[in-house]
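Presented below is the structure to which this report refers.
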Protein chains: 2
Amino acid sequence: MLSKKTKYGLKALTFIARNGDDVPVQVGVIAKSEQIPQKFLESILLTLRKSGVLASKKGKHGGYYLRSEPSEIKMTDVMRVLEGPIAMVPCVSLNYYEKCDDCPDETLCSVHKLMIEVRDSTLNVFRNTTLADLSSVD
Amino acid sequence: MLSKKTKYGLKALTFIARNGDDVPVQVGVIAKSEQIPQKFLESILLTLRKSGVLASKKGKHGGYYLRSEPSEIKMTDVMRVLEGPIAMVPCVSLNYYEKCDDCPDETLCSVHKLMIEVRDSTLNVFRNTTLADLSSVD
DNA sequence: GTAATCCCTACTAAATTGATAGGATTAATA
DNA sequence: TATTAATCCTATCAATTTAGTAGGGATTAC
């Protein structure tokens, strides 16, 4: 299951992208429009900022804005920040690889074999989708 | 993340498939060989039996065996039983569809759009992979 | 009838998720 | 400079899910 965190994060990013990049968008505005608990959304946007996807402006008339063009923001990056590793098991993760305690030989492990396939196909989607694709109304 | 339940279930199915279909395999044998807590594995194999993937024989010299040929057991079926819906959100699930409370219009939802893609690519893997593929040693 | 095996229900500890609370910090503007 | 409106940060918490454990009942081979 997709976590609420990721769902809210994607919705918020889409909202910001659709808004255009002239002025920063406030958390409160997004929360109200997208029906997201404001405090929860605050923490989500904070992690997106810390990870470099979003930038922010503090104080009055502050808010969040995209650090790059929507077409430059890949889902691989966004999903890794919000949802964590794309691989369903650490032993097939590109960025967070970890050997299984049990598995004596990965090449013989059926789970490993299957999860490599799943990882690759999912990765293929995320690599070829940007925030611009999500934000377009087609 | 893939649950342990699914991981153990897949390993057990692979073990049974590799064993050949002449005699039933006991839970204890699988648990020992694959380093899976026996009682936990018992409950997993039970759900696989109830869902029609496995069949069992009770009593002495009993155990579990495949109900069909490995090449006939699709990962779509196995994964749905073990891990639940393949879609990451209910609003893109083929078998467990549910409308989002928030989303007024799915066609405008960016999360929906992205998750359709992910679902399709994952489904493509599971539809084209059978237990025979997992069990082969190539 | 006894041993081995699946079957079933109930319980539980730990981790994760989805928040909420309260305030500190920063910046615009009157 | 005081006020207001924002982000930023830390801590806490209830509910749910996960990953098991416990104990015994039912069935079958021998």
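Here is how names work: the chains are called A, B, and so on, in the same order as the sequence lines, proteins then strands, and each is numbered from 1. Scope of the values below: all heavy atoms of this structure, side chains included, with no hydrogens, waters or symmetry mates.
- Rounding to whole angstrom units, NZ of residue A:K39 and P of D:dT12 are separated by 16 Å.
- A residue-by-residue look at A:Y8 and A:E42 shows that A:Y8 has its nearest nucleotide of DNA chain C further toward the 5' end.
- Residue-level contact check: B:K4 touches the backbone only, with heavy atoms under 4.0 Å from sugar-phosphate atoms and none from bases.
- Taking CZ from B:F15 and CG from B:L134, the interatomic distance works out to 15.5 Å, rounded to the nearest 0.5 Å.
- Near DNA chain C, meaning a heavy atom under 4.0 Å away, the residues from residues 47-67 of chain A are A:K57, A:K58, A:G59, A:K60, A:H61.
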Counting only pairs under 3.5 Å, give me each side-chain donor-acceptor contact of residues 68-78 of chain A, with atom names and distances, residues two or more places apart or in other chains.
none

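- If you take CD of B:Q26 and C1' of D:dT28, they are 13 Å apart, rounded to a whole angstrom.
- A distance of 14.0 Å separates NE2 of B:H112 from CG of A:L10, quoted to the nearest 0.5 Å.
- Tracing side-chain contacts under 4.5 Å through hydrophobic residues (I, L, V, M, F, W, Y), one never reaches B:L114 starting from B:I86; they form parts of separate clusters.
- Sorted by first and then second residue, the pairs that involve residues 27-65 of chain A and meet ring pair (Phe, Tyr, Trp, His ring centres under 6.0 Å), not counting sequence neighbours, are A:Y8-A:F40.
- For the atom pair CD1 (A:I44) and NZ (A:K4), the distance works out to 11.0 Å, reported to the nearest 0.5 Å.
- For the pair A:L45 CG and D:dC9 P, the interatomic distance rounds to 14 Å; values are reported in whole Å.
- The CZ atom of A:R80 lies 6.5 Å from the CG atom of A:L94; values are rounded to the nearest 0.5 Å.
- Taking atom CZ on A:F40 and atom C1' on D:dC8, their separation rounds to 17 Å, with Å as the unit.
- For the contact set between residues 81-92 of chain A and DNA chain C, defined by any heavy atom under 4.0 Å, there are no members.
- The salt bridge (charged side-chain N to carboxylate O under 4.0 Å, His left out) contacts involving residues 86-103 of chain B comprise A:K7-B:D102, A:K11-B:D102, where partners must be two or more places apart or lie in separate chains.
- Residues B:R67 and B:V53 have side chains not in contact (no heavy-atom distance under 4.5 Å, counting atoms from C-beta outward).
- Atom P of nucleotide D:dG20 and atom CD1 of B:I44 are separated by 8 Å, given to the nearest angstrom.
- Running 5' to 3' along DNA chain C, contacts with non-hydrogen atoms of chain A at under 4.0 Å begin and end at C:dG18 to C:dT29.
- The base of D:dG20 lies outside donor-acceptor range of the side chain of B:K5, with no N or O pair under 3.5 Å.
- Following rounding to the nearest Å, A:Q38 (CD) and D:dA5 (C1') show an atom-to-atom distance of 11 Å.
- A donor-acceptor pair under 3.5 Å links the side-chain atoms of A:R18 to the main chain of A:S135, judged by distance alone.
- You'll find the side chain of B:T6 stays beyond 4.5 Å of the side chain of A:V111, heavy atoms only.
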